[in-house]
2 protein chains.
Amino acid sequence: MSENEQKKATIYDLSIQSGASASTVSAVLNGTWRKRRISEETARRIISLAEELRYTANQQARALRSSRSGLAGLLLPVYDTRFFSSMAQTFEAQARQRGLLPVVVSGRRDPEEERRVAESLVAYSIDSLFIAGATDPDGVHKVCARAGIPHVNIDLPGKLASSVISENRQGARALTAAIIRHAQQTGPLSPDDVYMFGGRDDHASRERIIGFHAAKAEIFGTATGNDTESTGYSPSMTALAFERFYDRHGRLPRCFFINSSINFEGLLRFMGKHDGEAFGDIVVGCFDYDPFGSFLPFPVYMIRPNISEMLEKGFELLESEETGPHIILVEPQLVAPRTALEGPLDALKDSNCD
Amino acid sequence: MSENEQKKATIYDLSIQSGASASTVSAVLNGTWRKRRISEETARRIISLAEELRYTANQQARALRSSRSGLAGLLLPVYDTRFFSSMAQTFEAQARQRGLLPVVVSGRRDPEEERRVAESLVAYSIDSLFIAGATDPDGVHKVCARAGIPHVNIDLPGKLASSVISENRQGARALTAAIIRHAQQTGPLSPDDVYMFGGRDDHASRERIIGFHAAKAEIFGTATGNDTESTGYSPSMTALAFERFYDRHGRLPRCFFINSSINFEGLLRFMGKHDGEAFGDIVVGCFDYDPFGSFLPFPVYMIRPNISEMLEKGFELLESEETGPHIILVEPQLVAPRTALEGPLDALKDSNCD
DNA sequence: TGTAATTGCACCATCGATTGTGCAAGAGAG
DNA sequence: CTCTCTTGCACAATCGATGGTGCAATTACA
């Protein structure tokens, strides 16, 4: 592995070879040279020398001196869902566009782990942190605040820092209405046929439950009790909930709302153990979008959060130096069954088929 | 945001408050203090003071001095598929286990972008780089080699550095055999009914095509020509390929092999535009695993690469200081239709349903 | 022509941690 | 009681980039 493994060039190497001082070289290469009244000619000379030697600045040194690292952090619960991986993808693009190197880490929905991970980012003096879907956003906030690191919450709000989140309530209302209308096409539906699975006691889940009930009340004109089952964000717990329901009723609800694609995986596990008879005619809504989920053998309505806009607003919040904790709502999109939306993948130039 | 925003404590702060010198503090906190013959008592004193002041080392300073940053890089083409997001998730866990901070970036299957991204990681003096699914692994190799950064290829091999990849040929053979057998259960099948879509001219695709043809030859005893269509790793190109096939034959092939979940998304787009008549009885194999893909309204066999083992071997390669470029093969897993495997999500402790 | 203003750059301290080296105090040997 | 060894730590250079300050040379102006 050690072919022409020359030590990387530094401003001192450039300084010697160009005859200019190190500080001049530094100024030229970081763009502050006009302010320092360096002549165009010197600048050009140094720049072309830098290209020749393939100089790139040592970011550690730069960060140490200027206490700005050029790193932007994103804290996710997990990568492994289309929602979060899509967020990582979009974040990367937006961060790099701003000249920052994105560092994505996962807190595994464990408040302690979230704080530990945040600490480790702080140790690298990240310039800003996006906290997405944290179990304890305010714990992470404290870590950032102590280190003076600007941060925003994405998708799950915190009390102590600004947040950009989906319009969960209206989204859930629209989603619920859509699945009820669809189910009604194949026969009369009672409020007891409409159920909700997944989520826990977090802001998003609470809002979605409110929206869910609002839609039911609008359509059926009456409130029902016991129609939601909280299972955490765990596939196996959700599968258990479906099993329990099946044990009691001999089938799944005609029509139900699943709180996230992670919970949806619980439905898959249930399906893997049963054949179609348990769910021949179900209509499902899921508050998350997954292209494969959209084509399952029954109608699946999905909600796609507008990730790109949430992140964009997040960057704007950070750049605007706003004071108090604001909450910004971003409208999500209702996706009809059997819909393959375009996504970040389509931005790739991979149309060349050799 | 500026509540108790004390500047982070440094070894100098600890030095003053503990009465020891900065170098002693440093040695105590980085674990080299026994080698430096610092007394247990001094060490304990400093450690407890550090905890009290919530000291964490400035990684930039450490990296600058010791030229080891504690960063481990992973270069992916994209995040937004279950394969790569699962890889990111697993990589994160394994890197953190080794005390490294994972930095995941995407090269968008663009050789230039791959090199640029690698350069930007090099500027942060990452300690090692995992190159996964790069279009031009050897270009990235050169970037690393020049900077003396240890690196391995994952999933797609390079010629110049060691690689850990899936056993594509045998995996493809098994997958092809599985879909053919399945399709034969519902009536006689001719070699012309068995097709392959997706991929491009990379090592993985070539191996898979060989395996695909090997399985066909074994079962049908005869070779057929024109039975593969390369579409790049692009959903829209793949959708076009399906459309073209449909235009010519009035239906999709009875039985086909899709080269990756990205290409599978092309099938989804096709499905979104057509109703079941075009593919009522198809049997599909996909070289990638996606839990939702496994439950589509037709049999889908999938291959799950053993990501965890590939990364593990990758770390071992880096740690072993091996010389010449090695290639390590890792057996993937054939997954029957309607199977919801456990994944990284299940490692989360989120069973608490408040 | 003398003075003020501007141009163009070099010098040097600094960020926080690491590490080779040096040295005083105490322990042990003779 | 002297001499050597060990123990326990402090000193200071260093990593590479940044930015405040100072100063010589040139230009502008009266």
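Keep in mind it's a predicted model, so treat the numbers as computed, not measured.
At dA10(C), one or more side-chain N or O atoms of Ser21(A) fall inside 4.0 Å of OP1 or OP2 (strictly under the cut-off). Here Ser39(A) reaches the OP1 or OP2 of dC9(C): one of its side-chain N or O atoms lies under 4.0 Å away. Distances shorter than 4.0 Å separate some side-chain N or O of Asn30(A) from OP1 or OP2 on dT18(D). Look at Tyr55(B) and you'll find a side-chain N or O under 4.0 angstrom from OP1 or OP2 of dA17(C).
On a pure distance criterion of 3.5 Å, a polar donor-acceptor pair joins the side chain of Ser23(B) and the base of dC11(D). No donor-acceptor contact under 3.5 Å links the side chain of Arg36(B) to the base of dG8(D). For a distance-only test at 3.5 Å, the side chain of Arg65(A) fails to qualify as a donor-acceptor partner of the base of dG16(C).
Atoms CD1 (Ile11(A)) and P (dG19(D)) sit 11 Å apart, rounded to a whole Å. Counting to the nearest Å, the P atom of dG16(C) and the CG atom of Leu53(B) are 14 Å from each other. We find that CD of Glu40(B) is positioned 13 Å from C1' of dG8(D), with the value rounded to whole Å. Distance CD1 (Ile38(A)) to C1' (dA10(C)): 9 Å, rounded to an integer number of Å. As rounded to whole Å, 16 Å separates atom C1' of dG8(D) from atom NZ of Lys35(B). As a whole-Å value, the separation of Trp33(B) CH2 from dT19(C) P is 17 Å. Across the protein-nucleic acid pair, Ile46(B) atom CD1 and dA17(C) atom P stand 13 Å apart, rounded to whole Å. Regarding Leu64(B), its CG atom lies at a distance of 9 Å from the C1' atom of dC15(C), rounded to whole Å.
Mapping Arg45(B) and Ala61(B) onto DNA chain D via the closest heavy atom, the residue that lands nearer the 5' end is Arg45(B). For the pair Thr24(A) and Thr32(B), both in contact range of DNA chain C, the more 5′-proximal nearest nucleotide belongs to Thr24(A).
Contacts of Ser26(B) with the nucleic acid, taken as non-hydrogen atoms under 4.0 Å apart, include base atoms. Thr42(B) comes within 4.0 angstrom of the backbone, heavy atoms only, and of no base. Contact annotation for Arg37(A): base contact, defined as any heavy-atom pair under 4.0 Å involving a base atom. Across all strands, Ala63(A) comes closer than 4.0 Å to no nucleic acid atom at all (heavy-atom distances). Within the 4.0 angstrom heavy-atom criterion, only backbone atoms of the sugar-phosphate kind lie near Ala20(A); the bases stay farther away.
With Val330(B) as the fixed residue, the side chain to side chain contact (heavy atoms under 4.5 Å, CB included) test singles out one of Asn306(B), Ile165(B), Asp155(B): Asn306(B).
Ring geometry for His141(A) against His151(A) counts as tilted: the plane angle lies between 30° and 60°, on a 0 to 90° scale.
Side-chain contact between Trp33(B) and Thr42(B) is absent, with no heavy atoms from C-beta onward closer than 4.5 Å.
Atom CZ of Arg98(A) has more than 12 heavy atoms from other residues, nucleotides or ligands within 6.0 Å.
You'll find that the side chain of Asn58(A) is closest to dG16(D), out of dT18(C), dG16(D), dC9(D).
At a threshold of 4.0 Å, the pair Arg116(A)-Glu113(A) counts as salt-bridged, since one of the basic side-chain nitrogens sits closer than that to a carboxylate oxygen.
Within the model, atoms CZ of Phe91(A) and CD1 of Ile307(A) stand 13.0 Å from one another, a figure rounded to the nearest 0.5 Å.
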